[in-house]
Amino acid sequence: MQPGKKHSMPKLPLAFYRSPDVLRIGRQLLGKFLVTRLDGRLAGGMIVETEAYAGPEDRASHAYGNRRTARTDVMFWNGGVAYVYLCYGLHCLFNIVTGREGVPHAVLIRALQPVDGVEAMMQRRRKTRVDRTLAGGPGSLTRALGIRVEHSGMDLRGARIWLEDRGVRVPLRNILAGPRVGVEYAGAHARRPWRFRIRANPWTSPA
DNA sequence: ATGTCGATTTGCT
DNA sequence: GCAAATCGACATA
C-alpha cells in the first residue's frame, strides 16, 4: 500500500444520489460504507440500517408540506450532500440528501457495522468494547464518526465525509423493510415500511 | 414572549 | 421500564 494512496475505494458517483427514487436509494445504501476523516482521524463502517424520508408528502419528514427553514434547507438541494440536524438538543442525526434540487428527499443512516478506525470510534464513544452500541443508532454513529451539525450541507464526495462501494452486494431477499422509528406522531405515514435493514445482521437492531 | 416537543441515548430503579 | 438531558424549531399569544 502506498503512502497517500491508503486503501481508498471508489466513492459513490453523483448519479447514485441523483436518482428520484429515495426508497430505492435507501435499500441500495445497505452494504455501502460511510467513512469520515474528521479531527484528523479516519473512521467508517458498513451501513446496515437506513430510513427513507420521501418528499413533501411525507408527514414524518422535516420537509413535510415543503416546509423550508434554515435547518431543512439542505434537504431541498441537489442530491449528494449531508443533512445533519440536532435531535433532542444533543444528538446529531446524519442523513443523505437524494434526488434533484427542489424535491426534499433524504435517507437517515441508523446503524453501522464498525470497520475502519475502530479505536477512534471507541474513544469518541467512550467505550471499551466493540459491540452493537458502538455505531448502532443514529445518534451513536454520528458520535463515533465525529459528525456534527456544522457538517450539514457538506458534499459527500469530498475529503471529510464520503461513501464508498466496496463491492458488498445485499440482495433484495436479505433486506427487511419495516415501519420507521420514533415518528408515531406522523400517523399512517410512520407505518409505511420505509426502514430498511440487512436481514440477520448482528449490528442492526434485533426487532 | 412563552410553551411544547422532537427521525435519541443513557443511567438508574 | 422510565425519565432526564438540552436546544432549537415551531406554534400560539
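All of these numbers come straight from a predicted model, not from anything done at the bench. The sequence lines fix the lettering, A, B, ..., with proteins before strands; numbering per chain opens at 1.
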| task | Check the distance between B/dA7's C1' and A/Asn95's CG and give it to me in whole angstrom. | result | 8 Å
| task | Return the value, rounded to whole Å, for the distance between atom NZ of A/Lys127 and atom C1' of B/dT9. | result | 9 Å
| field | Validation row: A/Val22, A/Val107 side chains within 4.5 angstrom (heavy atoms) | value | yes
| When the distance from CG of A/Leu93 to C1' of C/dT6 is rounded to whole Å, what number comes out? | 15 Å
| B/dC5 versus C/dA3 - spacing of their P atoms, nearest Å | 15 Å
| How does protein reach along nucleotides 7-13 of chain C, written 5' to 3' as B (base within reach of a heavy atom under 4.0 Å), S (only sugar-phosphate), or - (no contact)? | B-SS---
| task | Between B/dT4 and C/dA4, how far apart are the P atoms? Round to whole Å, please. | result | 15 Å
| request: Pick base, sugar-phosphate or nothing for A/Arg110, based on heavy-atom distances below 4.0 Å to the nucleic acid. | output: sugar-phosphate
| message | Does any part of the side chain of A/Leu23, heavy atoms only, come nearer than 4.5 Å to the side chain of A/Trp194, both counted from C-beta? | response | yes
| message | With a 4.5 Å cut-off on side-chain heavy atoms, are A/Met46 and A/Asn201 touching? | response | yes
| DNA chain C stem ranges, 3 or more consecutive Watson-Crick or G-U pairs under 3.5 angstrom | B:1-6 with C:7-12, B:8-12 with C:1-5
| task | Name the closest nucleotide to the A/Arg125 side chain, picking from B/dA7, B/dT9, B/dT10. | result | B/dT10
| note | A/Arg126 atom CZ is separated from B/dG11 atom P, nearest whole Å, by 11 Å
| request: Apply side-chain hydrogen bond (donor to acceptor under 3.5 Å, both in side chains) to A/Asp21 and A/Ser19, showing your working. | output: CA-CA 5 Å; A/Asp21 187 346; A/Ser19 156; 5.8 Å; no
| said: Consider salt bridge (charged side-chain N to carboxylate O under 4.0 Å, His left out). Of A/Arg180, A/Arg132, A/Arg27, A/Arg195, which one does A/Glu49 pass it with? | reply: A/Arg195
| query | To the nearest angstrom, how far is A/Tyr53 atom OH from B/dG6 atom P? | reply | 13 Å
| said: Among A/Leu12, A/Leu156, A/Thr50, which residue satisfies the side chain to side chain contact (heavy atoms under 4.5 Å, CB included) criterion with A/Ile96? | reply: A/Leu156
| Atom-pair distance (CG on A/Leu134; C1' on B/dT9), nearest Å | 14 Å
| message | Please report the distance, rounded to the nearest Å, between CZ in A/Arg180 and P in B/dT8. | response | 12 Å
| message | A side-chain contact here means heavy atoms from C-beta on lying under 4.5 Å apart; do A/Phe94 and A/Leu34 qualify? | response | yes
| Do A/Leu176 and A/Thr204 have side-chain heavy atoms sitting under 4.5 Å apart? | no
| query | A/Glu51 CD to B/dG6 P: how many Å, rounded? | reply | 15 Å
| said: At 4.0 Å (heavy atoms only), tell me whether A/Thr133 reaches a base, stays on the sugar-phosphate, or touches nothing. | reply: nothing
| Hey, does A/Phe76 have a side-chain heavy atom less than 4.5 Å from the side chain of A/Asn66? | yes
